[in-house]
Number of protein chains: 2
Amino acid sequence: MAVTINDVARAAGISKSTVSQYLNGRFEFMSYETRQRISQVIAELEYRPNALARSLKQKKTNTVAAVVSSILNPFMTNTIRGAEDYCKENGFNLILCNADDDPAQELAYLHTLASKQIDGILISTTGRNNEALRSLNLSGTPVVLFSRHVPEIEADTVCVDNKLGIDLGIRHLMAHGHRRIAFFVLPHSQSPVTPRRERAQAYCDLVREYGLPASEAWLVETTNDEAILSKRIEELLRQEPKPTALFGANDLMTMSLVRVLANKGLRIPQDMAVLGFDDWEWAPYLQTPITVVAQPSYEMGRRAMERLIMRIRSKNDAMPPALEHYEPELIIRRSCGER
Amino acid sequence: MAVTINDVARAAGISKSTVSQYLNGRFEFMSYETRQRISQVIAELEYRPNALARSLKQKKTNTVAAVVSSILNPFMTNTIRGAEDYCKENGFNLILCNADDDPAQELAYLHTLASKQIDGILISTTGRNNEALRSLNLSGTPVVLFSRHVPEIEADTVCVDNKLGIDLGIRHLMAHGHRRIAFFVLPHSQSPVTPRRERAQAYCDLVREYGLPASEAWLVETTNDEAILSKRIEELLRQEPKPTALFGANDLMTMSLVRVLANKGLRIPQDMAVLGFDDWEWAPYLQTPITVVAQPSYEMGRRAMERLIMRIRSKNDAMPPALEHYEPELIIRRSCGER
DNA sequence: CTGAAAGCGCTAACAA
DNA sequence: TTGTTAGCGCTTTCAG
């Protein structure tokens, strides 16, 4: 049987409330000897306060959760590292939940997190559980959104300027002589997820704005499953004129694009230029290092967690929700042609 | 204020113990109407039982933790996925802790996990907190070790047959005409961590056994920091005769090796062959696809979690601890030469 | 079939 | 400066 505060009190010959005071750092009204005594007994007994009991009473767990769409996504893992570091520096525990972009999973997590009385939630949401998120946020469990903005949820949001990112990318491609640009994005037409919509929209707008040749077929809505992607690319290459550059709307998509081209024996950039949205660890070390539009993911994660913890500490008071945009950055490597 | 079991009882016009029965699926002694009524009230009120209170009383949290040395390590992330899946299938929650191979961090996690009354721990330990782990295991929080075996801790362990892995690797290199093989491993002489010791030992033994030329300088003990690694490689190449192949003792090491060689303009395998222990996602897509000795990481993670949950369910009864070895597999790509 | 009562381990007034 | 007391929200005998 685990040792409890009562055991400590008994062994020290004092009452448990004094021990409790000690545990909570209220030494002001405690004799020096008592304090010494308690500290010694605790060490001897290897006493560790039961966090469940404490949290039950205090109504706070000092634990927050990050619910992400996929831990395979390098952008997410970097974001998490930022969030994690900020937590650590501020004495919070972090629970990581991988919702796999599945609304049902996401909702299940929200429920168990709520039942575990988590203090706050950082989430890159599927956008399908807005009521649940709103009600959490309203009922005292602060929620901060990152990467994906959902106007219906009045919560702090940290994301990137998607239009700027696409603009950076397209201008870079143009500078390398590319005019026929295909854009690969996850299905977005009936998805509530904003980044893909914003990026696809920006692509369309900018292609028009810059007077580039356009084709419906060049806005490719597809999963990043490599078999499927492979077919879509074949279709694309069967038509004339073909695009000369492929622009992936996020890291996973670009990674698949690179692999599919490699498996087809197509060289980058000689046979096809490739540009990605989001950077990833291996991008510089591939056969052809990949040029990308990168988000400052680590900082964004830190910042999102900073806001979350601030909300928790301020008890989520009246402050209106803030929407913050970070600037993406173009990292030029070699996949769009030399120069 | 959150809704409690009392609110539900009151709204349903019954006592809270009946509601509790309902929550715990004990419908046997409950009228059908009561049952209906409760279910309806719960839905209306959006009642979610407080897991803290429940766990406090039941003395179990239905939550386990995985403490890993690094989430940047692809071997670990695959292992985690296996563990995660098994948890999910069995109704357990998983908390992921990244100890960063720092014994102090690890110990801190063990303490907070214990205080959170976690039901069990899966760990790839630094080997520096053996007493803590033993005492957890003995005092009712089952511990399962994976990847790293520590004889002093009598707990189930799931790991790979390291000697076999090194043998597979060395024989493959020999088959490609390599005889001067350098082995890159993290500092292990005074580290309690077994895999690196076993692998280094196996390297030494097998080099002797196969009558390969040996040199103290070819057993390179180094961190995988790229700057440092770069220096070590330069030193190695300054001497005659040079090795013709580099064997990385784990994924992170091999990844760094590949990057350092790339940055030096050395071609794989023409200028230097490379072989890795542990596979990783990008290994097949690099300039030269990397040949590796792979561990069945997903299965190992699943299996480790299976044992852990079994221990939890059986209340960690007398069963003697089991040590399981999985077989590694050679995945031939192109980094050791064509053939 | 349902309710009353005690208690899990801890905190927080309030008394002493 | 320390102890008493009353819960936090839930489960679990044990009566009825």
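Numbers restart at 1 for each chain; the letters A, B, ... are given by sequence-line order, proteins then strands.
Residue whose closest nucleotide on DNA chain C sits further toward the 5' end, between Leu56(B) and Ser15(B): Ser15(B).
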Check: Step by step, would you call Arg134(A) with Glu154(A) a salt bridge (Lys or Arg N to Asp or Glu O under 4.0 Å)?
Finding: CA-CA 7 Å; Arg134(A) 301 188 60 171; Glu154(A) 293 100 15; 3.4 Å; yes
Under 3.5 Å, which N/O atoms of the protein pair with N/O atoms of nucleotides 13-16 of chain D?
none

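The nearest whole Å value for the distance from the CD1 atom in Ile42(B) to the C1' atom in dC10(D) is 13 Å. The distance from atom CZ of Arg10(A) to atom P of dC10(C) is 12 Å, rounded to the nearest whole Å. The NZ-C1' distance, from Lys16(B) to dA4(C), rounds to 10 Å in whole Å. Taking atom CZ on Arg37(B) and atom P on dT2(C), their separation rounds to 13 Å, with Å as the unit. If you take CZ of Arg54(B) and P of dC8(D), they are 19 Å apart, rounded to a whole angstrom. For Gln117(B) and dG9(D), the CD to P distance is 19 Å, given to the nearest whole Å. Taking atom OH of Tyr22(B) as the reference point, atom C1' of dT11(D) lies 17 Å away to the nearest angstrom. Across the protein-nucleic acid pair, Gln58(A) atom CD and dC10(C) atom P stand 12 Å apart, rounded to whole Å.
Residue Arg26(B) has no polar side-chain atom (N or O) positioned under 4.0 Å from OP1 or OP2 of dT11(D). Regarding contacts with the backbone of dT11(C), a side-chain N or O of Asn24(A) is found under 4.0 angstrom from either OP1 or OP2. One finds no side-chain N or O of Asn6(B) lying less than 4.0 angstrom from the OP1 or OP2 phosphate oxygen of dG9(D).
A salt bridge is absent between Arg311(A) and Glu306(A): the closest approach of a Lys/Arg side-chain nitrogen to an acidic carboxylate oxygen does not fall below 4.0 angstrom. Note on Glu84(B) versus Arg302(B): no salt bridge recorded, every NZ/NE/NH1/NH2 to OD/OE distance being 4.0 Å or above. Salt bridge Arg307(A)/Asp156(A): present, at least one basic N to carboxylate O contact under 4.0 Å. Residues Asp101(A) and Arg148(A) are paired through a salt bridge, judged by an N-O separation under 4.0 Å between the basic side chain and the carboxylate.
Phe27(B) comes within 4.0 angstrom of nothing in the nucleic acid, heavy atoms only. Among the atoms of the strands shown, only primed sugar atoms or phosphate atoms (P, OP1, OP2) are found under 4.0 Å from some heavy atom of Thr34(B). Contact annotation for Tyr47(A): backbone-only contact, meaning every heavy-atom pair under 4.0 Å involves sugar-phosphate atoms and none involves a base. Within 4.0 Å (heavy atoms only), Ser20(B) reaches at least one base atom of the nucleic acid. Among the atoms of the strands shown, none is found under 4.0 Å from any heavy atom of Leu52(A). Looking at heavy-atom distances under 4.0 Å, Arg35(B) makes no contact with the nucleic acid at all.
For Ser31(B), the side-chain atoms get nearest to dT2(C) when compared with the rest of dC10(C), dT2(C), dT11(D). Distance from the side chain of Lys59(B) is smallest for dC8(C) among the nucleotides dC8(C), dT11(D), dC10(C).
In this structure, Ser139(A) contributes its side chain and Leu136(A) its backbone to a donor-acceptor pair below 3.5 Å.
A cation-pi arrangement is found for Arg35(B) relative to Phe27(B), the charged atom lying closer than 6.0 Å to the ring centre and inside a 45° cone about the ring normal. In this structure, Arg81(A) is not positioned above the aromatic face of Tyr298(A) in the sense of NZ or CZ being under 6.0 Å from the six-membered ring centre and within 45° of the axis.
No hydrogens or angles were tested; on distance alone, nothing pairs the side chain of Lys57(B) with the base of dG9(D) as donor and acceptor under 3.5 Å.
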